[in-house]
Each structure stands twice: as structure tokens, then as C-alpha cells.
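Numbering starts at 1 and runs along the sequence shown.
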Amino acid sequence: MFRKYVSGLILLVAGLTIGWAALAAKAQQPPAPGQNAPAAHAYKPTPEDAARPNPMKFTENSVNRGKRVYSTQCAMCHGDTGTGNGDLAKDMNATPPDFTNPATLKDRTDGELFAIIGAGSGVMPAQGDRMKDYHKWDAINYLRFISGRVPAKSTPDEFDPDHPTVVMQQQPK
Ligand code: HEC
């Protein structure tokens with residue numbers, strides 16, 4: 001009688017363990033194709049892309065303009081603060097990287113980011129000619145800012161493409 005219970009109990013414990021192991025294995029599986037694993041870029045930046053310099057100085061004005069671009073064009077996926085938890089990304093089952101972690105974009109040059117933003121990546125839409133180039137560069141400066149870098153103070157004579165009556169140095173494309 002007692003032995004019967006014990007063997008029943010052993011079976012139950014074994015069953016639960018197997019079930020749990022199966023669930024854990026499922027949770028660890030990589031996302032199915034089309035579901036976008038992080039860093040699975042559809043676009044591989046070339047050496048020329050990587051070498052392209054950012055014509056927009058890393059200043060407070062540029063970061064502020066970049067923030068406007070980011071809030072309206074990127075935050076729905078990359079999240080309000082850049083951690084990657086935007087509602088649209090959740091709906092699409094996509095997992096954008098955490099831009100607030102300084103390690104995320106550490107090895108990317110501004111030129112590479114410019115190329116990725118222009119070409120799109122996985123579910124991320126290609127900005128190409130849709131967005132002004134200087135807005136892309138400003139958005140990149142904003143990404144550097146949320147990763148922890150401190151922009152230079154803006155000066156009154158700083159180039160401002162959104163208010164071009166302010167004095168200009170050379171105008172970026
Ligand atoms: C529809 C959702 C979506 C939108 C909108 C979107 N992204 Fe993304 N983005 C992603 C996802 C998902 C990834 C990660 C997967 C990948 O790179 O293919 C990503 C990756 C990136 C990367 C690559 C980071 C790396 O690993 O090097 C950059 C940079 C980036 N996004 C910037 C932007 C900027 C700037 C905007 C706005 C102009 C934007 N994204 C808009 C979904 C989006």
C-alpha cells in the first residue's frame with residue numbers, strides 16, 4: 001500500500017521534471033526566422049560606410065534635434081528611453097537592442113549606424129531618402145547621448161539645419 005504511493009509519487013515528480021525541462025528548453029530557443037534576433041542585420045555596412053564621418057557636431061543642439069527624430073520615428077520600436085521595449089516592437093515580436101547600454105553600439109562607427117538606418121534592418125524600415133541625412137546624423141548623436149556620452153555645449157554660431165538663418169559653416173547634405 002505504502003509502496004504504491006511512493007512509486008506514484010516518484011512518477012509524478014519525474015513527470016513534472018520532464019515537463020519543466022521541456023518548457024525551459026522551449027523558452028531558450030532562438031526566435032524563428034522572420035522574428036528577428038538582435039544583431040541579425042539584413043544590411044552589412046561596407047568599409048566605406050564605416051569610414052563616413054558624422055558631419056553634425058556632437059552638441060546639445062544636435063542631440064535635441066535627434067531626440068525629436070527619435071521620438072517620432074524610432075521610439076515606437078526602440079522604446080521611449082531606448083531600452084528596446086516599444087509597443088510596435090512587441091506587436092511585431094521583434095527585439096531591438098538596448099541603446100542605453102553603452103556596450104550595444106560601442107563597436108559601431110557613426111558611418112555604420114548611418115548606413116543601417118538608411119538601409120533598414122530586419123523589420124526596421126529603411127529611412128533612405130525618406131529622412132533628411134542630417135536628421136539621421138542627429139538621431140545618431142542622440143543614440144550616443146542615451147548610451148551615456150556627454151555632448152558639447154552649443155554655441156550661437158553653430159550650424160542649425162532646421163533654422164538655417166542662423167550663421168552657417170558648411171551645410172551638410
Ligand atoms: C518597426 C520597428 C523599428 C523602427 C521603427 C526602428 N527600428 Fe531600429 N531596429 C529595430 C529592430 C527590431 C532592430 C534589431 C534587429 C536588427 O538589427 O535587424 C533594430 C536595430 C537598429 C540598429 C542597429 C543596432 C546595432 O546592433 O548596431 C540601429 C542603429 C537602429 N535600429 C536605429 C533606429 C533608428 C535611429 C530608428 C528611427 C529612425 C529606428 N531604428 C527605427 C526595429 C525598429
Side-chain angles (χ1 to χ4, degrees), residues 20 23-155 158-162 172:
W20 176 83
L23 276 179
K26 196 161 180 229
Q28 275 171 12
Q29 263 166 24
Q35 274 193 335
N36 237 337
H41 301 292
Y43 182 76
K44 297 259 174 287
T46 64
E48 294 80 65
D49 291 333
R52 189 169 297 127
N54 187 339
M56 302 308 289
K57 285 194 188 146
F58 184 55
T59 62
E60 289 171 346
N61 277 351
S62 172
V63 166
N64 280 329
R65 285 191 306 268
K67 182 177 183 178
R68 286 203 295 275
V69 173
Y70 179 89
S71 318
T72 53
Q73 313 286 321
C74 322
M76 62 283 227
C77 285
H78 287 281
D80 288 341
T81 59
T83 54
N85 66 349
D87 286 343
L88 184 57
K90 281 184 208 147
D91 291 349
M92 291 174 139
N93 222 344
T95 51
D98 179 0
F99 291 142
T100 64
N101 180 346
T104 303
L105 298 180
K106 171 173 74 62
D107 296 329
R108 293 255 183 240
T109 67
D110 284 10
E112 286 179 311
L113 297 179
F114 181 82
I116 291 170
I117 294 166
S121 183
V123 298
M124 182 167 116
Q127 294 300 338
D129 292 338
R130 201 188 145 251
M131 182 183 282
K132 297 229 180 285
D133 282 354
Y134 65 78
H135 279 153
K136 291 178 210 151
W137 294 115
D138 282 336
I140 291 164
N141 282 342
Y142 181 67
L143 296 183
R144 298 299 186 196
F145 168 72
I146 57 178
S147 82
R149 279 178 48 191
V150 182
K153 290 247 170 284
S154 286
T155 54
E158 180 182 333
F159 173 71
D160 180 350
D162 288 339

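- Looking at Y70 and D138, their side chains never come closer than 4.5 Å, going by heavy atoms from C-beta outward.
- Applying the side chain to side chain contact (heavy atoms under 4.5 Å, CB included) test to S147 and every residue at least two apart in sequence or in another chain returns nothing.
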Derivation and outcome, side-chain contact (heavy atoms from CB on, under 4.5 Å), residues T109 and F114: CA-CA 9 Å; T109 67; F114 181 82; over 6 Å; no
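- The heavy-atom pair separating S154 from N61 by the smallest distance is OG-N, 2.8 Å.
- Looking only at side-chain heavy atoms (C-beta outward), P161 and R65 come within less than 4.5 Å of each other.
- Residues satisfying the salt bridge (Lys or Arg N to Asp or Glu O under 4.0 Å) test with R68, not counting sequence neighbours, are D162.
- With rounding to the nearest 0.5 angstrom, the CE atom of M124 is 12.5 Å from the CG atom of L88.
- K67 contributes atom NZ, which lies 13.0 Å from atom CG of L143 (distance to the nearest 0.5 angstrom).
- Between N85 and G79, the shortest heavy-atom distance links the atoms OD1-CA, 3.4 Å.
- Partners of D80 according to the side chain to side chain contact (heavy atoms under 4.5 Å, CB included) rule, which considers only residues two or more places apart in sequence or in another chain, are A75.
- E60 is not listed as a side-chain neighbour of V63, based on a closest heavy-atom distance of 4.5 Å or more.
- At a cut-off of 3.5 Å, with distance as the only test, no side-chain donor of T83 or D98 sits close to an acceptor on the other residue.
- Applying the ring pair (Phe, Tyr, Trp, His ring centres under 6.0 Å) test to F99 and every residue at least two apart in sequence or in another chain returns H78.
- Taking both residues in full, the closest heavy atoms of T59 and E158 are given as OG1-OE2, 2.5 Å, listed atom of the first, atom of the second, then distance.
- Contact detail for M131 and H135: the closest heavy-atom pair is CG-CB, 3.8 Å.
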Trace of the side-chain contact (heavy atoms from CB on, under 4.5 Å) decision for K136 with V69: CA-CA 8 Å; K136 291 178 210 151; V69 173; over 6 Å; no
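- In terms of heavy-atom proximity, P96 sits nearest to C77 at CG-O, 3.5 Å.
- Annotation: side chain of I140 is not in contact with side chain of M56 (no heavy-atom distance under 4.5 Å).
- No side-chain donor-acceptor contact under 3.5 Å links R144 to the backbone of P151.
- Between P45 and R108 the shortest side-chain heavy-atom distance falls below 4.5 Å.
- Taking both residues in full, the closest heavy atoms of Y142 and G66 are given as CB-C, 3.7 Å, listed atom of the first, atom of the second, then distance.
- For the side chain to side chain contact (heavy atoms under 4.5 Å, CB included) test, residues two or more places apart in sequence or in another chain that qualify with T46 are E48, D49.
- Pairs passing the ring pair (Phe, Tyr, Trp, His ring centres under 6.0 Å) check and including a residue from residues 44-63, sequence neighbours excluded, do not occur.
- Side-chain contact between K57 and N141: absent, with no pair of heavy atoms (C-beta onward) separated by less than 4.5 Å.
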